[in-house]
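Notes follow once the structure below has been shown.
A note on names: the letters A, B, ... follow the listed sequences, proteins ahead of strands, and every chain is numbered from 1.
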Amino acid sequence: MSQTKTPPVVLVDGSSYLFRAFHALPPLTTSKGHPTGAIKGVISMLRRLEQDFPGSKVVVVFDAKGKTFRHDLYEDYKANRPPMPEDLAIQIRPIHEIVEAMGLPLLIIPDVEADDVIGTLATEATAKGVDVVISTGDKDMAQLVSDHVTLINTMTETRMDRDGVVEKFGIAPEQIVDYLALVGDTVDNIPGVTKCGPKTAVKWLQQYGDLDNLMTHADEVKGKIGDNLRDAIEHLPLSRELATIRTDVDLHFGIEEVSPEPEHREQLLKLFQEYEFKAWIAEYSGDGEAPDSADDTQSATTPEREYETILTDEQLDAWLEQLGKAELFAFDTETTSLRYSEAEVVGVSFAIEPGKAAYLPLAHDYMGAPDQLDRDTTLAKLKPLLEDPKHKKVGQNLKYDKNVLANHGISLEGIAEDTMLESYVLNSTATRHDMNSLALKYLGEKTISFEDIAGKGAKQLTFNQVDLEKAAEYAAEDADITLRLHQVLRPQLRDTGRLDAVYRDIDLPLVPVLSRMEQRGALIDASTLRQHSQELAERMAELEQEAHEEAGESFNLGSTKQLQAIFYDKMGLPVIKKTPKGAPSTAEPVLQELAHEHRLPRLILEHRSLSKLKSTYTDTLPELVSPRTGRIHTSYHQAVTATGRLSSSEPNLQNIPVRTEQGRRIRQAFVAPEGHKLVAADYSQIELRIMAHLSGDKGLLGAFERGEDIHRATAAEVFGVTVDDVSSDQRRSAKAINFGLIYGMSAFGLSRQLEVDRKTAQDYIDRYFHRYPGVLEYMDRIRKQAHDDGFVETLAGRRLYLPEINARNKQMQQAAERTAINAPMQGTAADIIKRAMVTVEDWLLAEHADDARMVMQVHDELILEVRESALEVICRGLEERMSGAADLKVPLLVEAGVGDNWDEAH
DNA sequence: AGGGTCAG
DNA sequence: CTGACCCT
């Protein structure tokens, strides 16, 4: 190492490492599939440099996009470079972000290649008596080496000073440019001397000293290679110029003005989490307020774990006392089943500070299980704490815990924080929001999985059969991790736009509302459904027999593979569409088309639709009736969709058929109990109204204010007729246009929907935007915002990140653009109905606990069971509260219907 | 555009 | 896991 007083300046050739890291390292990706190998390679290289050169200024230089002066000198410069792989291109921006968060100066100078920036800064620094280390993977840089400039290849851990250059190349640094000109470079498309490789070039330079002298004595070189040299003489000066790294670029700043900043720890942590660099997450997480001067890196790592298993009354009392005093504690239940409606508590766990947690086992009942505290008496002892809203709890999906505790007569209150919702609001699509994923992403920790302790497959144990010691470790960890997750997520939520308000005012208050809806369940008429199943089975048998006769052979009507064989191989029907894998499609629209000419597709279609109804609804719904309550209890998922909507499963109550008569018979099986009616209240055209509000388009606002039939009004504008003259066909087209707008439609999509050609569809769209220019402006604005910010927002500030919006792949980019258009509208509608649900529930509980209860939500619709005597007042109050859930520039119209069953209520 | 479920 | 089909 050279002996100098001041530490050297380190100039990093970022671009050269980018390519090397990308090709040398395994193709690492995040759990979401974002490639990260190059990011990790480049960043770990920088971190190593920072360590290896303590006190040094580390400057990171990247090539800018676009042409440089070398392209002006020689138009074919770099013409042979293949385009940058997509997987590499999308790693560049993250690297820049991380470098900036590390506080390192990042230089990307337009029109100047990184080499020339480095050459210029190196020359300036050495002139001022400061030594320079250039970190690069590119051997061309050897030309810059001098007594005060050395190269280091951080990936191979090799350093090269003047002697090193001579040793490696056989020539001095000053001769490197001439050497490069002679050898040429195929990738950069720099022509050299044909057949002249490194050996010849070095031989010549050793003999003649430099390129000029060699060219004057070109006649002396013998043989074919001599001819090649003479042929090349004309272009060699150009090649030399191209190979020469500039040391005199006017950068408009000096090396002294380039200075590092302190690292932004929070930003760094966030980026490491985003790209899932576990070790670095662990290094930077800790308590979040870690001092910048972390001499001791241990201070920022995982806390010491101190887990206790509570088996005695003394232990329990000690914990209860601590929990009673805690400002906030983490809480988790372990149960016999994932289905809340039949789950019983097996144990509960708590954490009061990171690393300090306890498991209270109550019902482990395998052979030889240790004695535990009695479940019922212990739960009774916990009840006051759990039911007191002043004792604040944080949990992971506390709705589940609340439901399970309800099975034991405990009403969990004080749901102050929920890490699943924190993560969801922070970024709905970055991760799955289960605890294991969150621990990995935000804490960099791999947690014990349920399978680890309970096994998998048929031999999987239920929690009460799990060995108590293992269970205690697992359960206490859950509480501990939950608390630590909250400490990491809370500041991020506060620091990001209006996300904290979305979390605190919309999603969190909804938890108890959904919990109660789930617990109430919905009433269905199971015997009618069973009867319906019978009828469907009979009709399906008929269809099956007819289809077999038609096909001339027996086959499985449900098998697309067999259908393909019969339609396309045996009958030779035309292939209208293919599946993504290239097989001929048998999708509904295709069969619809084929049905014009043939009987078989018609039969298949009917059979399919009946079979779907039977298997999904008429057979399944009766089986899901809880023996305990006689009702069906769905699960609403609050952290699944990208846009902020809820989803529903087991059963999915949000896709009960409505379109066909057969389908509506299923809705008819959703009934009101004795003395009650079902009330179904839905927001009319909520997404279009939101579009009117967000865009502020005069025409659209006016139509809604006047209470017009919006599709009819659209048709009148687009087709240039009066509202009264709109034909039913025109209205149908206008409806499709309006839907298309909400979905961020393309002319292609609309043409397919309306079965018109692309040009006609484009014409409709043009006419629409001409008539509603505010909408066009709004869509352009949103698209631009999405590109600039990488996310879009709902009215309340809920964000949807769109990492693919700047993808190279045009298809992916366009899909992201459509989502950008759709998400603010769909998401705002979701925010509004969530708010409405909280308001309605509060009102009903306070004033009409015996008259009405909310039982279902279907995106823009709420379904209530209402006592017949209270119908009038409930309908009025419900409409009022739903309409009032948002203050838009247009009225929010709510239409409520009443009936004995769900179908009738529409 | 966003979901869940079923059969194969 | 995919294709098909149910919903807003």
Subject >> Rounded distance (Å) that lies between atom P of C:dT8 and atom CG of A:N652 >> reply: 11 Å

Original post:
Quick one: A:Y636 OH to C:dT8 P, roughly how many Å, whole number?
Top reply: 14 Å

**OP:** Can you tell me the distance, in whole Å, between the CG atom of A:L610 and the C1' atom of C:dC6?
**Re:** 14 Å

**OP:** Check every nucleotide of DNA chain B for an atom under 4.0 Å from a heavy-atom of chain A, then give the first and the last such nucleotide from 5' to 3'.
**Re:** B:dA1 to B:dG8

**OP:** Select one nucleotide: of C:dC6, C:dT8, C:dA4, the one nearest the side-chain heavy atoms of A:H859.
**Re:** C:dT8

Original post:
With a non-hydrogen cut-off below 4.0 angstrom, is A:S611 in contact with a base, only sugar-phosphate, or nothing?
Top reply: nothing

**OP:** Would you indicate what A:L613 reaches in the nucleic acid, counting non-hydrogen atoms under 4.0 angstrom: base, sugar-phosphate, or nothing?
**Re:** nothing

Subject >> Separation of C:dT8 C1' from A:M856 CE (nearest whole Å) >> reply: 14 Å

Original post:
When all nucleic acid strands are considered with a 4.0 Å heavy-atom cut-off, which category describes A:R818: base, sugar-phosphate, or nothing?
Top reply: sugar-phosphate

**OP:** Classify the side-chain pair A:S609/A:R659 by whether it contains a donor and acceptor separated by less than 3.5 Å.
**Re:** no

**OP:** Assign A:E861 to base, sugar-phosphate, or nothing according to its heavy-atom contacts below 4.0 angstrom with the strands shown.
**Re:** nothing

**OP:** Find the distance A:I686:CD1 to C:dT8:P and express it as a whole number of Å.
**Re:** 15 Å

**OP:** Report which part of the nucleic acid A:E588 touches: base, sugar-phosphate, or nothing (heavy-atom distance under 4.0 Å, all strands).
**Re:** sugar-phosphate

**OP:** For A:G744, answer base if it contacts any base atom (sugar-phosphate contacts may also be present), sugar-phosphate if it contacts only those atoms, and nothing otherwise; contact means non-hydrogen atoms under 4.0 Å.
**Re:** nothing

Original post:
How long is the line joining CG of A:N655 and C1' of C:dC5, in whole Å?
Top reply: 9 Å

Subject >> Basic-acidic side-chain contact under 4.0 Å: A:E865, A:R631 >> reply: yes

Which atom pairs, donor and acceptor, lie under 3.5 Å between side-chain atoms of residues 743-754 of chain A and protein residues at least two apart or in another chain?
{"unit_1": "A:S746", "atom_1": "OG", "unit_2": "A:G749", "atom_2": "N", "d": "3.1"}
{"unit_1": "A:S751", "atom_1": "OG", "unit_2": "A:A747", "atom_2": "O", "d": "3.4"}
{"unit_1": "A:S751", "atom_1": "OG", "unit_2": "A:F748", "atom_2": "O", "d": "2.7"}

**OP:** Please determine if a side-chain N or O atom of A:R608 lies less than 4.0 Å away from the OP1 or OP2 oxygen of C:dC5.
**Re:** yes

**OP:** Would you kindly give the CZ-to-C1' distance between A:R667 and C:dT8, to the nearest whole Å?
**Re:** 10 Å

Subject >> Candidates A:K612, A:R599, A:R539 - the one meeting salt bridge (charged side-chain N to carboxylate O under 4.0 Å, His left out) with A:E606 >> reply: A:R539

**OP:** Under 4.0 Å between any heavy atoms, over every strand shown, what does A:D682 touch: base, sugar-phosphate, or nothing? Just pick one.
**Re:** nothing

**OP:** State plainly whether the residues A:D831 and A:K834 are in salt-bridge range, i.e. N to O under 4.0 Å.
**Re:** no

Subject >> A:E793 with A:R498: basic N within carboxylate O range, under 4.0 Å >> reply: yes

Original post:
What's the CZ-P distance between A:R664 and C:dC7, to the nearest Å?
Top reply: 10 Å

**OP:** Taking only Lys NZ, Arg NE, NH1 and NH2, and the carboxylate oxygens of Asp or Glu, determine whether A:E687 and A:R645 approach each other closer than 4.0 Å.
**Re:** yes

